[in-house]
Amino acid sequence: MSIDAGTAESGGAAARGPSGDGASMPDAAPSFPVWRPVRGGNAFEITVARLVQAIKLGLVRVGERLPAERELAERLQVSRVTLREAIAALREAGYLESRRGRTGGTFVRAALPAPGPGGRPDAGELAREMGDRLPDALDFRRVLESGAAALAANRSLPAVERQHLVGALAASRDRDPVNRRVADSRLHLAIAAASGSPSLAAAVADVQLTLDRLLAAIPVIPRNLDHSDAQHTRIVDAILAGDPNGARLVMEEHCDATAELLRGLLG
């Protein structure tokens with residue numbers, strides 16, 4: 001499988017050793033949309049945003065190590081000075097920590113800043129803050145993710161991508177609320193990466209991040225989780241069977257169900 005430096009992260013724990021020159025990415029997707037070249041704007045701010053996006057979406061989880069500085073700078077196409085400044089800012093904010101020694105490096109310390117006095121964010125308040133951006137994001141997600149699923153089903157996926165989809169599907173069935181939200185995002189990002197379109201995968205990552213806090217704040221309803229698990233399975237089955245129309249339709253159904261749940265819970 002050919003890996004473009006700006007759009008992909010080689011998958012599997014065996015891809016990196018334990019030394020400080022490697023990256024601990026045991027569940028890294030074959031394509032990693034947030035590690036794409038920084039273009040335009042302020043390089044420092046965009047680099048910080050890319051790192052935060054990877055952490056919040058669970059692409060690099062708590063306790064895991066970021067890719068080696070040299071590799072990450074090459075993938076983002078920023079100077080190592082800019083990357084070090086971005087890492088330092090996130091270390092001060094409590095997201096990252098640096099460790100020395102042979103097994104050292106930069107590790108994710110926390111997925112989110114510590115919650116405030118109110119604990120879990122209020123879903124209704126988050127929805128009000130989003131305003132018109134919420135229905136727009138839900139519509140955009142429906143179009144993007146159904147298209148990504150169809151493209152993935154149209155491709156002849158290499159074994160590593162097929163295995164990653166199956167693994168991401170299995171992980172997405174976790175019923176622990178925190179683990180499930182992360183695993184759900186990782187499955188959707190794995191499907192987007194399997195589309196073979198770096199631009200589409202990056203757009204899916206962006207819309208997932210837009211909705212992440214809201215989806216994490218809504219109540220956990222077991223019956224809804226059962227329904228979501230069944231849809232996820234049908235989507236992945238359709239992709240692996242090379243059925244683009246089926247993959248598109250089930251993903252549309254899945255996105256519509258999420259939108260309807262949000263409308264019902266948020267009034």
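We number each residue from 1, following the sequence as shown.
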Legend entry - Test item: R50 side-chain N/O and L76 main-chain N/O as donor-acceptor pair under 3.5 Å: no
Inset, instruction - Could you check if a side-chain atom of T210 sits within less than 4.5 angstrom of a side-chain atom of M130, using non-hydrogen atoms only? - result: yes
Legend entry - R175 side chain vs R180 backbone, donor-acceptor pair below 3.5 Å: no
Legend entry - Flag for Q77-R39: side-chain donor and acceptor within less than 3.5 Å: yes
Inset, instruction - Taking the side chain as every heavy atom from C-beta outward, state whether R162 and P158 have any atom pair closer than 4.5 Å. - result: no
Legend entry - Heavy-atom closest pair, residues H254 and S228: CE1-OG, 3.3 Å
Inset, instruction - Indicate yes or no: at least one non-hydrogen side-chain atom of F140 is less than 4.5 angstrom from one of D206. - result: no
Inset, instruction - Determine whether more than 12 heavy atoms belonging to other residues, nucleotides or ligands lie under 6.0 Å from atom CG of D132. - result: no
Inset, instruction - Report yes if the side chains of E161 and R155 come closer than 4.5 Å at any heavy-atom pair, otherwise no. - result: yes
Inset, instruction - May I ask you to test the E97-V108 pair for a side-chain heavy-atom distance under 4.5 Å? - result: no
Legend entry - R109 side chain reached by R91 side chain, heavy atoms, under 4.5 Å: no
Inset, instruction - Mind telling me whether H232 and H188 have parallel, tilted or perpendicular rings, with 30° and 60° as the class edges? - result: perpendicular
Inset, instruction - Determine yes or no for a side-chain-to-main-chain donor-acceptor pair under 3.5 angstrom, with R75 supplying the side chain and P37 the backbone. - result: no
Inset, instruction - Identify whether the distance between the nearest side-chain nitrogen and carboxylate oxygen of D136 and R133 falls below 4.0 Å. - result: no
Inset, instruction - Report yes or no: does T47 contribute a side-chain atom to a donor-acceptor pair with the main-chain N or O of A43 at less than 3.5 Å? - result: yes
Inset, instruction - Please determine if R99 forms a cation-pi arrangement with F107, meaning its NZ or CZ atom is less than 6.0 Å from the six-membered ring centre and no more than 45° off the ring axis. - result: yes
Inset, instruction - Tell me, with the steps shown, if L211 and L134 meet side chain to side chain contact (heavy atoms under 4.5 Å, CB included). - result: CA-CA 8 Å; L211 295 169; L134 176 55; 3.7 Å; yes
Legend entry - Side chain proximity check, N245 to L249, heavy atoms < 4.5 angstrom: yes
Legend entry - Full working for side chain to side chain contact (heavy atoms under 4.5 Å, CB included) between L96 and I55: CA-CA 9 Å; L96 302 173; I55 295 167; 3.8 Å; yes
Legend entry - Under 3.5 Å donor-acceptor, S172 side chain and L169 backbone: yes
